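Report on one structure; see the data block that follows.
On a predicted model such as this, the values are computed, not experimentally measured, just so you know. Lettering of chains follows the sequences in order, A, B, ..., and the numbering in each one begins at 1. Any value given below was found using the heavy atoms of this structure, including those in side chains, with hydrogens, waters and symmetry copies removed.
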There are 2 protein chains.
Amino acid sequence: MLARQRQAIILEEARRSGAVRVSDLVQRLGVSDMTVRRDLDVLAGRGLVEKVYGGATTIGDRSTDEPGFEAKSVQQQDHKEAIAARAAELVHPGSAIGLSAGTTTWTFARALAGIADLTVVTNSVRIADVLHESPQPGRTVILTGGVRTPSDALVGPVAVQSIRNLHLDMVFLGVHGMADGPGFTTPNLTEGETDRALMESARKLVVLADHTKWGTVGISTIADLADASVVVSDADLPDDARATLSEHVGELIIADVPSNPEAGE
Amino acid sequence: MLARQRQAIILEEARRSGAVRVSDLVQRLGVSDMTVRRDLDVLAGRGLVEKVYGGATTIGDRSTDEPGFEAKSVQQQDHKEAIAARAAELVHPGSAIGLSAGTTTWTFARALAGIADLTVVTNSVRIADVLHESPQPGRTVILTGGVRTPSDALVGPVAVQSIRNLHLDMVFLGVHGMADGPGFTTPNLTEGETDRALMESARKLVVLADHTKWGTVGISTIADLADASVVVSDADLPDDARATLSEHVGELIIADVPSNPEAGE
DNA sequence: CACAAACCGAACCTAACTGAACAAAATCCT
DNA sequence: AGGATTTTGTTCAGTTAGGTTCGGTTTGTG
């Protein structure tokens, strides 16, 4: 087996379940632990996974990095999946929705598998790929045009223009930061512009943001807190954030991680 | 056994299982390891496989299987490469060009590697990927929006609209058929519509079509023969086709397959 | 708190892989 | 036929992947 193939398997496994263990991979691949670690080093060097004690996880956002909690990223993925599942309940069959680029919306896209007659507009090639993976009857996937950023978002005039001519029922936005005052923000100016266009073309704005996003501020404001009809977050969202959000946004939904609800802190 | 045959076998094997290793091929083909490596060099130079330590893998780790997107044979590939190289000479640095979806234009995109300050518009995600692979200073790649067809073309109103607002110096069209009367055609209606929009937004139309396309007629006409400023084809194009084309199109360019195809840049 | 188990990286070593250069064989061309 | 060209095989020195050992760290458990 070529090193490349092994790394591809590891990456696939990591993407599928959010995390991999060195010991499991040693079993599964029939190589030594050091080889597995070296493979993880390669993948980590390319920014595809993040090494943690005992294995590696898919890359999450490290904007608010609290030291001392190793398994945080694993939970993060749990949270994202919980948020995605909860948000998917808001989607009605037959509606037209928009998805911004990002890891949270990417997870959300996978949660849409069971919903029929959906028209989905997205500016992320990867999200379009996910939606194509499990074809549904009556599903249409529209990719906006534009120039592709390193973070896999299509942006620029072409993207904005193609979005402006569409009218959606709901748009699901993954954001990099949310805070009282700046509102929902992203660190990338052009991506912010595209997200703004996406938001403006929808009647209803749903923001997907796990608790780590609270307090973070990116340079570009996408929308005010008051613009969001719904914000879906997870149970680790602190009380002050809940209070502020409840006050400003239409509805605040807290998604519980199903399996072990108490495991948090 | 001819080198060509060997390479075809290697390519087939690689496509079948995703990867090949040098040591296996030495066994299977009964040649030395160096010969296998040289074959892999050739295939890698054409972008058909990627050399890795111990062997080679098929290109592209994310979307390996795309229906309708397979290079027919190694020979056909020679012609396509000759056409692509010849057509690339028509491209001036600093210009804005368009590329339709298809295997011929995909090969053409690879031939653009050395040209600086290019703005490229395409409705094929795979072509956009190719252009991103070898980043050039001053290069911009714009993806049109739209719905993705099985043959990897973005089509539909969104695609057409985003194209209409752009103005290009030249557009390079890969077609499925060309014939006197029907002109340049494609078997897919919506793809034809998109190609038509692409053509209309450019001042100059260049059609890339190997000799097998002559006499084939698809349901949807993209353009008349007279609309083409240039047609680039290969040396196997029959005489009657050459006569007819020369009569109608602005210029007919015949790309010769170099006698030593491997050495080529 | 102490201990055991798992985990980690560094260092080392072997086997496999690699490209370059050269030699031999096959093929082509006049 | 005979020289030129291309293709393939062989040798060789340098590189890389992968296994093992070892000392140190982290984590979990009594």
S124(A): partners by side chain to side chain donor-acceptor pair (under 3.5 Å), with sequence neighbours left out: D152(A)

Base versus backbone protein contacts along nucleotides 4-20 of chain C [heavy-atom cut-off under 4.0 Å; B, S, -]: --BBBB------BBBB-

Partners meeting ring pair (Phe, Tyr, Trp, His ring centres under 6.0 Å) with F108(A) (sequence neighbours left out): F172(A)

Measure all distances between protein nitrogen or oxygen atoms and nitrogen or oxygen atoms of nucleotides 24-28 of chain C, and list the pairs falling under 3.5 Å.
none

Partners passing side-chain contact (heavy atoms from CB on, under 4.5 Å) against A85(B) (at least two apart in sequence or in another chain): none

T35(B) side-chain proximity, nearest of dG18(D), dT8(D), dG19(D): dT8(D)

Could you pull out all donor-acceptor pairs under 3.5 Å where a side-chain atom in residues 238-246 of chain B meets a protein atom, sequence neighbours excluded?
{"from": "R242(B)", "atom 1": "NE", "to": "L237(B)", "atom 2": "O", "distance (Å)": "2.9"}
{"from": "R242(B)", "atom 1": "NH2", "to": "A235(B)", "atom 2": "O", "distance (Å)": "2.7"}
{"from": "T244(B)", "atom 1": "OG1", "to": "D240(B)", "atom 2": "O", "distance (Å)": "2.8"}
{"from": "S246(B)", "atom 1": "OG", "to": "R242(B)", "atom 2": "O", "distance (Å)": "2.7"}

Under 3.5 Å, sequence neighbours excluded: what are the donor-acceptor pairs made by side chains of residues 31-40 of chain A?
{"from": "S32(A)", "atom 1": "OG", "to": "T35(A)", "atom 2": "N", "distance (Å)": "3.3"}
{"from": "S32(A)", "atom 1": "OG", "to": "T35(A)", "atom 2": "OG1", "distance (Å)": "3.2"}
{"from": "D39(A)", "atom 1": "OD1", "to": "R6(A)", "atom 2": "NH2", "distance (Å)": "3.2"}
{"from": "D39(A)", "atom 1": "OD1", "to": "Q7(A)", "atom 2": "NE2", "distance (Å)": "3.0"}
{"from": "D39(A)", "atom 1": "OD2", "to": "R6(A)", "atom 2": "NE", "distance (Å)": "2.7"}
{"from": "D39(A)", "atom 1": "OD2", "to": "R6(A)", "atom 2": "NH2", "distance (Å)": "3.0"}

Side chain to side chain donor-acceptor pair (under 3.5 Å) partners for R21(B), two or more places apart: none

Set of residues satisfying side chain to side chain donor-acceptor pair (under 3.5 Å) with respect to T119(B), sequence neighbours excluded: none

Kindly list each side-chain donor-acceptor pair under 3.5 angstrom involving residues 22-29 of chain B, sequence neighbours excluded, with atom names and distances?
none

Length of the line joining R6(A):CZ and dG18(D):C1', which is rounded to integer Å: 8 Å

Check: L208(A) main-chain N/O paired with T104(A) side-chain donor or acceptor under 3.5 Å: no

Helical bend (five base pairs per end, nearest 10°) for the helix from dC1(C)-dG30(D) to dT30(C)-dA1(D): 30°

All side chain to side chain donor-acceptor pair (under 3.5 Å) counterparts of E12(B), not counting sequence neighbours: none

